[in-house]
Amino acid sequence: YRHMAMKANVDKRKQYVELLSNIDLLKDMSEYELGILADCLQVAHFKEGERLIQFGDQGQWMHIIIEGDVEVWGRDENGAVMNVCQFSEGESVGELEFINNHRCVADVVAKTDVKTVKLERQHFEMCMGPIVDVLKRHAERDEYAYYSTFDW
């Protein structure tokens, strides 16, 4: 039984490392770093219409989408809700709150049934420390233009 359990964990780790290595956000990380990150991931499921991330909450989780699509709903200068963008399989949400350590600036809502692997901020900092620099480079992409409009 112990051998089967260990093999299952090794197989899951390999699967997560492969998944993580295909994510733009993490492409510059070594296999060793990806392995550390893979060991910290937790699976989460969301039904269509459920929130992965809530506007105004303290950002505690980074999600990597395994299956499904999510929509990001921000606020305009008058506070009206507006669709900002959409993410799908292999993309991540919530990483900017990790980088900047502040409250969520948008709702992230499951457009379809969604499966993610998620990482808690505390685990991220304990395991990945200096990898924050990788995340900061990723955060300069066009998809994050809405995010950069906030005056922190």
Worksheet entry | Ser30 backbone acceptor or donor facing Glu33 side chain under 3.5 Å | yes

Item to complete: Apply side-chain contact (heavy atoms from CB on, under 4.5 Å) to the pair Val117 and Ile66, showing each step before the final yes or no.
Response: CA-CA 7 Å; Val117 287; Ile66 304 295; 3.9 Å; yes

Worksheet entry | Flag, side chain of Asp76 to backbone of Asn78, donor-acceptor distance under 3.5 Å | yes

Item to complete: Give the minimum heavy-atom separation between Gly74 and Ala106, together with the two atoms involved.
Response: CA-CB, 4.0 Å

Worksheet item: When rounded to the nearest 0.5 angstrom, what distance separates CD in Glu89 from CG in Asn22?
Response: 10.0 Å

Worksheet item: Can Arg13 and Asp39 be counted as an ion pair, charged N to O under 4.0 angstrom?
Response: yes

Worksheet item: Can you tell which of Val114, Ile65, Leu52 makes a side-chain contact (heavy atoms from CB on, under 4.5 Å) with Phe87?
Response: Ile65

Practice prompt. Working to the nearest 0.5 Å, report the span between CG of Leu119 and CD of Gln60.
Written response: 11.0 Å

Worksheet item: Distance from Gln15 atom CD to Leu41 atom CG, nearest 0.5 Å?
Response: 10.5 Å

Practice prompt. Check Cys104 against Gly59 and note the closest heavy-atom contact, atom names and distance.
Written response: SG-CA, 3.7 Å

Response to the item:
Distance col, row His63:NE2 vs Gln42:CD, nearest 0.5 angstrom, shows 10.0 Å

Fill in: side-chain contact (heavy atoms from CB on, under 4.5 Å) between Asp113 and Lys47, worked out
CA-CA 4 Å; Asp113 287 350; Lys47 298 279 187 203; 4.0 Å; yes

Worksheet item: Below 4.5 Å, heavy atoms only, C-beta onward: do Asn83 and Val72 meet side chain to side chain?
Response: no

Worksheet entry | Pairing residues for Lys111 by the side chain to side chain donor-acceptor pair (under 3.5 Å) criterion, not counting sequence neighbours | Gln86

Item to complete: Could you grab the distance from atom CZ of Arg51 to atom CG of Asp57, nearest 0.5 Å is fine?
Response: 9.5 Å

Practice prompt. Side-chain contact test, heavy atoms from C-beta onward, threshold under 4.5 Å: evaluate it for Glu71 versus Val108 and give yes or no.
Written response: no

Fill in: Asp107 side-chain N/O to Gln54 backbone N/O, donor-acceptor pair under 3.5 Å
no

Worksheet item: Is there a donor-acceptor contact under 3.5 Å from the side chain of Ser88 to the main chain of Asp69?
Response: no

Worksheet item: Can the positive tip of Arg75 be found less than 6.0 Å from the middle of the six-membered ring of Phe55, inside 45° of the ring normal?
Response: yes

Item to complete: To the nearest 0.5 angstrom, please state how far the CD1 atom of Ile64 sits from the OH atom of Tyr16.
Response: 10.0 Å

Discussion item. So, applying side-chain contact (heavy atoms from CB on, under 4.5 Å) with Trp73, which one of Ile53, Val81, Val84 is it?
Written reply: Val81

